[in-house]
Amino acid sequence: MKKFHESIAQLEQALCDFPYDKLDISDEVTEQVELVHVQLKRAKERVDMPDDEFYHELLSLYNKSHDPSAELDILGRLSEKLHLTTITDLTQESLALHEMVASGGGNDPGEHIEKMSMLLKKIKDFVQTQNPEMGPPVTTKVMDSNGEPRPINIPDEFRCPISLELMKDPVIVATGQTYERAFIEKWIASGHHTCPNTQQRMPNTTLTPNYVLRSLIAQWCEANGIDPPKRPTEADKPTSSCSPSERAIIDALLSKLCSADPEEQRSAAAELRLLAKRNANNRICIAEAGAIPLLLSLLSSSDLQTQEHAVTALLNLSIHEDNKSSIILSGAVPGIVHVLKNGSMQARENAAATLFSLSVVDEYKVTIGGTGAIPALVVLLSEGSPRGMKDAAAALFNLCIYQGNKGRAIRAGLVPLIMGLVTNPTGALLDEAMAILSILSSHPEGKAAIGAAEPVPVLVEMIGSGSPRNRENAAAVMLHLSVHNGHLARAQECGIMVPLRELALNGTDRGKRKAVQLLERMSRFLVMQHEDTVSQQLDEIERQFAALGPNVTEADLEQLGEQLGYL
């Protein structure tokens with residue numbers, strides 16, 4: 001044991017002096033070395049406690065008989081003794097507890113399970129937010145696009161609170177909390193009626209897909225060079241429970257859609273629009289009855305109201321996951337884009353919302369991007385109502401997660417529009433604009449277009465005073481622009497160093513990483529700038545000395561010596 005401790009101490013000390021700045025190594029390797037350093041430091045400082053003290057402290061938290069003022073100290077000792085000091089440790093413990101509950105066969109898990117869950121949550125919260133010895137965010141190995149494992153820091157908001165893993169199919173429960181579908185379904189099936197995160201009783205067990213979070217996870221995956229998580233295929237797809245009378249009503253409406261009478265078509269499309277909006281069962285039933293191809297045929301109707309009802313009915317049907325593929329496979333996208341370009345303003349807004357709903361599925365981003373949808377969405381963003389602009393921005397954000405669509409959006413003139421939103425004093429769509437700007441800045445054409453728009457002053461201001469998400473996006477954009485020294489010089493003039501240091505200390509996990517990288521680039525630039533200045537001044541002194549010729553005086557030499565001494 002003593003030899004192990006000595007070896008650990010020596011390795012930890014060696015990594016304390018590791019010359020990152022002198023080695024040309026990637027960020028991934030740097031993160032791995034830093035992770036090893038943190039683990040060695042933690043191992044060096046770990047001291048075991050007597051078992052009786054450990055037992056009494058664990059029992060005091062378990063039974064809530066401890067002194068509240070001493071809770072943090074107790075949690076610190078327990079997390080070390082139980083070896084629950086990283087997200088990986090906590091994940092394994094959480095899954096073990098989860099399996100224990102599930103193995104009960106649906107019986108009441110009992111008070112002791114609830115107490116253990118409460119205690120584990122306390123330790124998890126402490127490790128994530130209270131423990132000053134945690135160091136950098138916990139690293140998890142993720143498969144990259146080449147199939148190789150590499151460490152990556154997963155933001156807390158992207159991890160399921162039950163499994164602590166990156167969510168593939170995030171869903172929202174009745175309390176407003178988001179979980180991975182498979183884990184929360186298992187939790188509910190095991191007899192729990194409370195929300196694992198808040199311990200509140202859930203009034204119902206409805207699970208609503210969190211499309212926005214799923215898109216953010218996909219964007220984060222792309223930004224970190226890894227494949228987005230694939231949602232598990234469901235063996236038992238939901239089937240409709242339409243009564244014969246309900247099916248008869250739907251069939252009658254579909255017959256009217258085929259009518260030669262425009263009035264009947266309009267009224268039937270309007271009724272289907274309302275039915276599809278009402279509940280999930282109706283959406284399944286309407287699609288199963290064959291409504292999608294009939295609604296598509298009405299997208300080219302000369303009657304603008306019929307057109308609006310048809311595209312809105314498709315929007316409501318697309319909310320159900322299985323209907324998305326049916327709509328895409330039916331060849332709906334060109335018709336939806338036609339409405340987006342030529343329909344009434346309400347129809348155009350709903351067409352944009354339909355494209356947003358469909359683009360949640362990664363492979364559909366490619367299909368939609370290749371049909372001329374992006375220029376039409378850019379036009380709607382520039383001239384639509386506030387709701388239309390928001391729908392267009394949401395659709396563009398989703399579509400631009402796919403690299404091939406970024407160039408289309410940039411060539412359609414999206415960057416000037418987004419910069420206008422970023423500098424808009426009303427702040428309308430600022431969050432959406434900064435998210436889109438962050439995506440586009442990773443594309444060479446986007447970098448050039450953003451750089452031409454004089455973005456540095458507004459980005460520096462955003463880093464200093466924006467919302468947490470906008471600050472990290474502004475830092476991400478600035479980091480992409482920092483390949484050009486002109487932008488770094490402008491950032492220095494605008495006083496970027498102070499807000500960057502503050503972001504590196506108090507930003508989100510992603511914001512901290514971007515700020516640290518940007519600070520390193522700024523530091524290298526400032527050193528180079530200083531060296532250039534000194535070199536120019538030395539050249540000037542040399543020129544002055546040469547100009548003096550053989551008539552140089554002692555006073556001249558003293559003056560030149562003072563200048564050299566200053567340098």
Side-chain angles (χ1 to χ4, degrees), residues 211-212 214-216 218-219 299 304 307-308 310-316 318-319 324 327-328 332-362 364-424 426-441 443 445-446 449-450 453 469-470 473:
Y211 296 122
V212 174
R214 192 187 301 169
S215 291
L216 289 172
Q219 181 204 0
L299 295 178
L304 293 182
Q307 194 182 68
E308 178 191 325
V311 77
T312 311
L314 288 171
L315 166 62
N316 294 335
S318 73
I319 295 171
K324 285 180 168 59
I327 293 170
I328 290 288
V333 176
I336 297 170
V337 173
H338 171 76
V339 177
L340 179 62
K341 293 177 178 178
N342 305 299
S344 65
M345 183 55 71
Q346 182 72 40
R348 291 171 66 195
E349 292 172 355
N350 290 343
T354 307
L355 293 176
F356 165 67
S357 176
L358 296 173
S359 65
V360 166
V361 182
D362 290 329
Y364 300 160
K365 293 176 173 64
V366 183
T367 304
I368 296 168
T371 59
I374 289 175
L377 287 167
V378 172
V379 171
L380 182 61
L381 182 62
S382 69
E383 64 183 29
S385 66
R387 175 179 167 259
M389 292 172 67
K390 193 172 185 69
D391 288 332
L396 286 166
F397 172 82
N398 257 6
L399 292 171
C400 288
I401 290 172
Y402 169 59
Q403 183 73 6
N405 286 335
K406 294 176 184 178
R408 295 186 175 107
I410 294 158
R411 290 187 287 273
L414 181 56
V415 170
L417 269 179
I418 292 298
M419 289 304 301
L421 291 172
V422 169
T423 56
N424 188 337
T426 67
L429 294 181
L430 178 59
D431 295 348
E432 291 85 349
M434 287 304 303
I436 293 172
L437 201 65
S438 176
I439 294 177
L440 297 182
S441 66
H443 191 279
E445 292 179 49
I450 295 167
R469 186 66 69 187
N470 288 342
N473 281 329

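Bear in mind the structure is a predicted one, so any value in this text is a computation, not a measurement.
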Atom [atom1] in [X], atom [atom2] in [Y]: separation rounded to 0.5 Å?
X: L355; Y: T367; atom1: CG; atom2: OG1; result: 11.5 Å
X: E383; Y: M389; atom1: CD; atom2: CE; result: 10.5 Å
X: L396; Y: I401; atom1: CG; atom2: CD1; result: 11.5 Å
X: N470; Y: E432; atom1: CG; atom2: CD; result: 9.0 Å

Taking side chain as C-beta onward, heavy atoms only, is [X] less than 4.5 Å from [Y]?
X: H338; Y: L299; result: no
X: N342; Y: Q307; result: no
X: N473; Y: L437; result: no
X: F356; Y: D391; result: no
X: R469; Y: M434; result: no
X: L380; Y: M345; result: yes
X: L216; Y: F397; result: yes
X: I327; Y: T354; result: no

Tell me whether K365 contacts the main-chain N or O of S359 through its side chain, where contact means a donor paired with an acceptor under 3.5 Å. yes

Residue pair R214 / N398, side-chain donor-acceptor N/O under 3.5 Å: no

Taking all atoms of both residues into account, what is the closest heavy-atom pair of [X] and [Y], and its distance?
X: A409; Y: C400; value: CB-SG, 3.7 Å
X: V337; Y: G372; value: CG1-O, 3.9 Å
X: S441; Y: S438; value: OG-O, 2.8 Å

K390 atom NZ, over 12 foreign heavy atoms within 6.0 Å: no

Apply the side-chain contact (heavy atoms from CB on, under 4.5 Å) test between L429 and each candidate in L381, I436, V422; give the one that qualifies. L381

